[in-house]
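One structure below.
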Number of protein chains: 2
Amino acid sequence: MPTIKDVAKLAEVSTATVSRVLNGNGYVHSETKERVAEAIKQLNYRPNDVARILFKGRSKMIALFVPDIMNPYFPELARAVEDMTNQHGFTFVLCNTDDDLNKEITYLEALKQKSLDGIIVVSSTMTEEYIQNIDVPVIALDRILHRSMASVTVNNREGSRQAVQYLKDLGCQRIAHISGPEQASNATQRLEGYLDVVKEESWFKESYIEPGEYHFEEAKKATERLLTRHPEIDGLFVANDLMGVGAIKAAESLGIKIPDQLSVIAFDGITLGETTTPTLTTMAQPIYKIGARAAELLIQQIEDRHHEIHSEEFTVELIERDSTRRKEDHP
Amino acid sequence: MPTIKDVAKLAEVSTATVSRVLNGNGYVHSETKERVAEAIKQLNYRPNDVARILFKGRSKMIALFVPDIMNPYFPELARAVEDMTNQHGFTFVLCNTDDDLNKEITYLEALKQKSLDGIIVVSSTMTEEYIQNIDVPVIALDRILHRSMASVTVNNREGSRQAVQYLKDLGCQRIAHISGPEQASNATQRLEGYLDVVKEESWFKESYIEPGEYHFEEAKKATERLLTRHPEIDGLFVANDLMGVGAIKAAESLGIKIPDQLSVIAFDGITLGETTTPTLTTMAQPIYKIGARAAELLIQQIEDRHHEIHSEEFTVELIERDSTRRKEDHP
DNA sequence: TAAATATGTGTAACCCGTTACATATTCATG
DNA sequence: CATGAATATGTAACGGGTTACACATATTTA
């Protein structure tokens, strides 16, 4: 690999001049510039990023922390972050944290040693104390970590209200909820949205809420329990699509017909919901957009440390598919 | 951030001694070692990886190139590579190439400037010429790129034969195939496996093969075309699970009952196949294992450049689910 | 007991860029 | 024409580690 010295020698200038040509700063005579450019081309020289990083203390590297990339919500998010990251000349590092604070800390320490520029975090586990100690720009994504930290999220509570209201409008009389983990801010917001609509109903019972932990299998079991205990349930709001698919599977195994006997609506809008039978009605997040926006905000903050960053909230949108009865199907 | 100089000053030794303690090489008196360790702890010192990388010319960074992380086969693979990568103290970089040679090249150049140690590649597009020019350890995964390059794959041809034979054993009389892109080595191998079993059959026609490009939507359309043109088909071998789900959807939309009228078997063994109705019978790859093994081999090669690397082939295994008729259901 | 070897530690060069500073030349302006 | 500003380029320090080499002392070995 040729170095800047080789280029300097060939072009008969100092390394400083080569550096100036490379970075386009300082004064360089146009003829000199051409000689240097020629030498660079001839040697097929590429500057060593590591040396640059060492000097500048910036790596042009961004990490995305997700609980687990195998949850199909995250690949789309990761894709968005990666695309935006590349557009700005940054390198993208993906970290699966398994919702484990120790893993998060280990990753962060390792990356700091590599002069990481910033991170985007989807986490339910980071403690406030630890958050304060991170001296790297951070943006929370999908879930709020702490009011002191900028975040990009969706209107979980309002979206959930709309989802439940949609079930009511379809004529559902007893609407239950499969909830996410209570440590996740978006899960509690979705639960609150559900409660906003149903808590004053005469039929509402606490036992209409069953925890599904945002996991497929867990949600399947939860739904089986729920529907066995409460056969009167005719509407189900599930806190995310992955669990929604689990709920469909559970109903199927119990011989309950969707949407005829039970309408199911979930939350997220991942592609998985299109592949089930029946397809899954959902409150869709603009997943790619929020991922891309989070990356954009982070990069803004990295490039201008004084840039005020505010949190942003996107809006979810109802996608009607086959797991909910259509109004017109209903007398 | 404290540097090695700060530690040296506090411990009243030279930076060389601190370095020796850090790396556990050279001679250091046990008392000195303790003083240094104490200073490190007191300052909460962590060595700057960038400086190390610059000197060593090794970044302890591994990249995984995949066509698109949104294809559900890849998250599991990525997860495996990342886990193994971490176990060996390497950093993991994920790159989506969109099966685009330019993107692959751009990524590779960018990463080389960061002293990337090695890459694991899932690609159908890399040209032989380009492969020869990569002066970084590479392992091909899932698809063979070139005989000169070590790879970790599965027995695609034999597995496909088994899949098609399985359909025959169930009593299928007319077995068609939805194929993957012909540039992908595993797609052609799977096609060959299919042909091995059916090409001598009197009923076999070339038009029983329909290209699905490893894409969900494409496969759905392909299956619709196929089943409309050839209503006699009662068995379908689909080159991967993602397309298998598309095939199920297509049959559903045509009112063809699976498995009663049509048995479908696919290839890969991704979780997606468990969520459909009916669930998808498949030849399952040990996805996590092959990903982990590829990472292991790559790391071996990185740490010992002269280490002979051989290709490895894993075995696929039939997972019987609901998209194929059970033998006992059949007279 | 002298020579050979092992142990312990520091100095300084090196990895490869960037940039503050010094110096030289050219140009514009009063 | 003198003077300050703009242009052009080089020297050397710097970022934060690692390690070859030199040197000193301690321990073996013959």
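Letters go in sequence order (proteins before strands), and every chain restarts at 1. Computed from a predicted model, the values in this text were never measured in an experiment.
For B/Ala51, the listed nucleotide lying nearest its side chain is D/dG17; candidates were D/dG17, C/dT19, C/dT11. Side-chain atoms of B/Thr17 lie closest to C/dG10 of the nucleotides C/dC15, D/dG17, C/dG10. Distances were taken from every side-chain heavy atom of A/His29 (C-beta onward) to each of D/dT9, D/dG17, D/dG15; the shortest belongs to D/dT9.
Side-chain polar atoms of B/Glu104 and B/Thr125 form a donor-acceptor pair below 3.5 angstrom. For the residue pair B/Asn96 and B/Tyr107, no side-chain donor N or O sits within less than 3.5 Å of a side-chain acceptor on the partner.
In this structure, B/Phe55 and A/Arg20 both approach DNA chain C, and ranking their closest nucleotides by distance from the 5' end singles out B/Phe55. When each of B/Lys56 and B/Arg35 is assigned the nucleotide of DNA chain C with its nearest heavy atom, B/Arg35 is the one assigned upstream, toward the 5' end. Each of A/Gly26 and A/Thr15 lies near DNA chain D, and the nucleotide nearest A/Gly26 is the one positioned closer to the 5' end.
Checked by distance alone, A/Arg52 brings no side-chain donor or acceptor within 3.5 Å of a matching partner on the base of D/dG15.
At the heavy-atom level, A/Val13 lies under 4.0 Å from the strands shown only through sugar-phosphate atoms. Heavy atoms of A/Asn23 sit under 4.0 angstrom from primed sugar atoms or phosphate atoms, though from no base atom.
If you take CD1 of A/Ile53 and P of C/dC16, they are 14 Å apart, rounded to a whole angstrom. Put simply, CG on B/Asp49 is 19 Å from P on D/dG15, counting in whole angstrom units. Distance A/Lys5 NZ to C/dG17 P: 9 Å, rounded to the nearest Å. For A/Glu31 and C/dT26, the CD to P distance is 13 Å, given to the nearest whole Å. When rounded to the nearest whole Å, the span between CD1 of B/Ile4 and P of C/dC14 equals 19 Å. In this entry the distance linking NZ of B/Lys114 with C1' of C/dC15 reads 17 Å, nearest Å. Regarding B/Leu54, its CG atom lies at a distance of 14 Å from the C1' atom of C/dA13, rounded to whole Å. The nearest whole Å value for the distance from the CD atom in B/Glu12 to the C1' atom in C/dG8 is 17 Å.
A/Tyr27 has no side-chain polar atom (N or O) that falls below the 4.0 Å cut-off from OP1 or OP2 of C/dA24. Put simply, A/Ser19 has no side-chain N or O that comes within less than 4.0 Å of OP1 or OP2 on C/dT19.
Using a 4.0 Å cut-off between a side-chain N of Lys or Arg and a carboxylate O of Asp or Glu, B/Arg293 and B/Glu296 qualify as a salt bridge.
Judged by distance alone, with hydrogens and angles left aside, the side-chain atoms of A/Thr97 form a donor-acceptor pair with the main-chain N or O of A/Val66 at under 3.5 Å.
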Exercise for the section: Apply the test side chain to side chain donor-acceptor pair (under 3.5 Å) to residues B/Arg143 and B/Ser185: give CA-CA distance (whole Å), side-chain angles for both, the deciding distance (0.1 Å), then the verdict. Expected result: CA-CA 5 Å; B/Arg143 305 172 193 188; B/Ser185 71; over 6 Å; no
